[in-house]
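Heads up, the thing below is written out as structure tokens.
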Amino acid sequence: MSPQPPRPEDLAIARIREADLADLRWHWGEVYAIWWQAGQFCAVRRDTGAICRRPGAGALRRELISDLEARPVEVR
């Protein structure tokens, strides 16, 4: 049995996810490494190694803002 081609709605979801990742990386990519894995948006803080996972880009965005407000990045 050959694999099924991707459905148009699956491709649309993947494009939205990639756009969300690009936006998160644009705003917070210097402080966090950001990726998608196992159905979650993920970020690891580059200075402490703290990891955050959230099911949506908006939820991760809110968490990153909260984290940076609580623990600002030290400029060296």
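Small disclaimer: the values here were computed from a predicted structure and weren't measured.
For the atom pair W36 CH2 and L21 CG, the distance stands at 8.0 Å (nearest 0.5 Å). Rounding to the nearest 0.5 Å gives a distance of 11.5 Å between CD of Q4 and CG of D10. The CD atom of E30 sits 14.5 Å away from the CZ atom of R25 when rounded to the nearest 0.5 Å. R53 contributes atom CZ, which lies 5.0 Å from atom SG of C42 (distance to the nearest 0.5 angstrom). Taking OH from Y32 and CG from L60, the interatomic distance works out to 8.5 Å, rounded to the nearest 0.5 Å. Between the SG atom of C52 and the CZ atom of R62 there is a distance of 11.0 Å, given to the nearest 0.5 Å.
Under a hydrophobic clustering in which Ile, Leu, Val, Met, Phe, Trp and Tyr are joined whenever their side-chain heavy atoms come within less than 4.5 Å, directly or via other members, W35 and L64 fall into different clusters. Both L24 and I65 are members of a single hydrophobic cluster when ILVMFWY side chains are connected at heavy-atom separations under 4.5 Å. Cluster annotation: W28 and V73 are assigned to the same hydrophobic cluster (Ile/Leu/Val/Met/Phe/Trp/Tyr, side-chain heavy-atom contacts under 4.5 Å, transitive).
At distances below 3.5 Å, not a single donor-acceptor pair connects side-chain atoms of R45 with backbone N or O atoms of A50. Panel note: side chain R17, backbone A57; no donor-acceptor pair is recorded below 3.5 Å.
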- [ ] Show your reasoning for whether side-chain contact (heavy atoms from CB on, under 4.5 Å) applies to F41 and I34.
- [x] CA-CA 7 Å; F41 287 86; I34 300 169; 5.7 Å; no
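At a threshold of 4.0 Å, the pair D23-R61 counts as salt-bridged, since one of the basic side-chain nitrogens sits closer than that to a carboxylate oxygen.
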